[in-house]
There are 2 protein chains.
Amino acid sequence: MTVDGRLARGERTRTAVLDAAVSLATTSGLDGLSLGHLADSLGVSKSGLFAHWRSKEALQLATIDRAVSQWQERIIAPALRAPRGVRRIRALHEARIDFYAARVLPGGCFFATTEFEFNARPGAIRDRLAEVFAAWTAFLERLVREAVELGELPSDVDVALLAYEIDACGIAAAMRSRLLDPETTYRHARLGVLGRLRALCPDLTLLPEGPS
Amino acid sequence: MTVDGRLARGERTRTAVLDAAVSLATTSGLDGLSLGHLADSLGVSKSGLFAHWRSKEALQLATIDRAVSQWQERIIAPALRAPRGVRRIRALHEARIDFYAARVLPGGCFFATTEFEFNARPGAIRDRLAEVFAAWTAFLERLVREAVELGELPSDVDVALLAYEIDACGIAAAMRSRLLDPETTYRHARLGVLGRLRALCPDLTLLPEGPS
DNA sequence: TAAAGAAGACCGACCGGTCGTACTTATTTC
DNA sequence: GAAATAAGTACGACCGGTCGGTCTTCTTTA
């Protein structure tokens with residue numbers, strides 16, 4: 001964005017390219033992503049992509065950043081509208097499962113797909129993914145810690161462990177929903193976190209059962 | 001195997017190829033796996049591979065089956081030596097985390113990597129992976145059901161949900177351990193399942209804390 | 001008319017796959 | 001028992017196609 005709010009030259013184009021790249025990468029992988037196919041899907045020429053990014057790797061890194069923006073808009077922002085504490089934790093998880101269930105991306109989850117693709121391949125992409133994952137984990141743990149500080153969760157709860165368990169339910173949902181029955185998977189993912197929170201939270205009125 | 005126990009002609013070779021393919025696929029992906037690199041890593045010629053498998057896809061399917069065999073030998077068989085019930089469930093999960101922690105495969109988990117790679121790509125490979133995943137889920141649920149029937153878990157426990165939560169802890173470990181701190185990840189994965197079982201099992205002597 | 005950007009031909013590298021050929025091994029035949 | 005046969009295995013050379021990336025050309029627009 002420029003200071004007056006208009007899009008910088010070509011920024012609209014870049015965003016459109018990156019949105020398509022995020023979507024395609026969930027099925028073909030970020031590395032299997034073909035620049036020719038990407039250009040064709042947008043009706044532009046392949047060489048034109050190199051006017052915006054100097055190499056495929058530069059485009060891949062920009063694609064990760066774009067996926068982060070989408071994640072913040074679609075999952076984090078809605079959750080932050082819920083009140084702090086266990087309700088916000090649940091809202092975050094529900095928004096995540098809703099995102100998977102809405103089939104926004106054909107491959108389900110950009111980060112899960114990409115992180116498994118690159119977790120054993122040293123390089124700039126892996127490093128960037130590790131940063132993103134670390135930030136996501138820290139955010140989850142912050143939400144859990146806030147719930148503890150509000151007294152909605154016991155003070156002796158293992159913050160990092162609970163955050164791990166919540167994230168695990170989401171990761172598993174991303175994987176299973178494309179190979180096994182999706183509805184059952186989403187139900188398990190939602191009930192897993194809800195049950196975990198209800199087992200720990202003294203005030204069950206904060207966590208009604210059924211659809212959130 | 002032939003009737004007298006000797007390996008059939010070339011079966012040793014095939015197994016060696018598939019073992020290398022399983023390992024390489026955890027870093028490059030099952031699709032990104034290059035037959036040229038695979039052949040080079042074994043000191044054989046690429047064209048020789050086509051004497052054993054008619055196409056790359058046939059080799060990929062055989063690679064999946066080989067990974068299943070490894071999984072049965074390394075994770076399922078040891079767990080079946082533990083007594084039925086919650087101890088067997090825990091033993092299975094511990095064997096899985098041990099397998100990841102031992103860095104047997106450079107990419108951590110063949111199935112997690114491959115399932116995320118193919119979960120949005122219709123075809124024979126995706127179908128085979130779905131079968132394997134369904135069988136694994138059924139096995140996990142069977143172990144949970146056995147624990148219920150033995151009275152080690154309450155009769156009103158949601159078998160499928162508990163199996164989901166256990167598997168989720170394992171899946172998340174495979175992903176996080178290559179991007180975040182491995183030791184912390186493995187500890188969370190182990191404690192997550194242990195805590196889940198201890199919260200449900202009336203007889204805590206079956207589930208001692210600390211290293212199993 | 002000058003500057004800019006997109007288009008598309010083109011490059012070397014690598015991909016999966018084929019082919020003809022030579023070597024190895026087990027079975028058959030004399 | 002030796003020779004001949006047949007099948008299985010491995011090899012290097014090579015094919016068409018696709019990849020990421022470059023470069024020249026052409027169109028557009030101010």
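Residue numbers begin at 1 in each chain, while the letters A, B, ... track the order of the sequences.
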Review point. Expressed in angstrom and rounded to an integer, what is the separation of K56(B) atom NZ from dC15(C) atom P?
Key: 9 Å
Review point. CZ of F50(B) versus P of dA13(D): gap in Å, rounded?
Key: 18 Å
Check your understanding: salt bridge (Lys or Arg N to Asp or Glu O under 4.0 Å): which pairs involve residues 43-59 of chain A, sequence neighbours left out?
Key -> none
Exercise for review: In whole angstrom, give the distance that lies between atom CG of L35(A) and atom C1' of dT22(D).
Suggested key: 14 Å
Check your understanding: Does a side-chain N-to-carboxylate-O contact under 4.0 Å join D65(A) and R128(A)?
Key -> yes
Check your understanding: In chain order, what residues pass the side-chain hydrogen bond (donor to acceptor under 3.5 Å, both in side chains) check against R66(A), with sequence neighbours excluded?
Key -> D19(A)
Point to revise | side-chain hydrogen bond (donor to acceptor under 3.5 Å, both in side chains) against R145(A), all qualifying residues, sequence neighbours excluded | key: none
**Study point:** Pi-cation contact, F118(A) with R121(A) (under 6.0 Å, within 45°)
**Key:** yes
Practice item. Take atom CG of L49(B) and atom P of dG8(D), then tell me their distance rounded to the nearest Å. Key: 18 Å
Study note, to complete from the structure: Contact check, residues 37-47 of chain A vs DNA chain D, heavy-atom distance under 4.0 Å, returns H37(A), K46(A), S47(A)
Practice item. Return the set of residues passing side-chain hydrogen bond (donor to acceptor under 3.5 Å, both in side chains) with W136(A) (not counting sequence neighbours), or none when no residue passes. Key: D167(A)
Exercise for review: To the nearest Å, give me how far apart CZ (R12(B)) and C1' (dG8(D)) are.
Suggested key: 15 Å
Review point. Given atom CH2 of W53(B) and atom P of dG16(C), what is their separation to the nearest angstrom?
Key: 14 Å
Check your understanding: Residues in side-chain hydrogen bond (donor to acceptor under 3.5 Å, both in side chains) with R196(A), at least two apart?
Key -> E165(A)
Review point. For the pair made of NE2 in H52(B) and C1' in dG16(C), what is the distance, rounded to whole Å?
Key: 17 Å
Review point. Using a cut-off of 4.0 Å on non-hydrogen atoms, how would the nucleic acid contact of L59(B) be classed: base, sugar-phosphate, or nothing?
Key: nothing
Check your understanding: dT18(C) phosphate, OP1 or OP2: any side-chain N/O from S55(B) under 4.0 angstrom?
Key -> no
Practice item. Round to the nearest Å and state the distance from L30(B) atom CG to dG16(C) atom P. Key: 11 Å
Check your understanding: Taking the side chain of S34(B) as its heavy atoms from C-beta onward, which of dT9(D), dG16(C), dC19(D) lies nearest to it?
Key -> dG16(C)
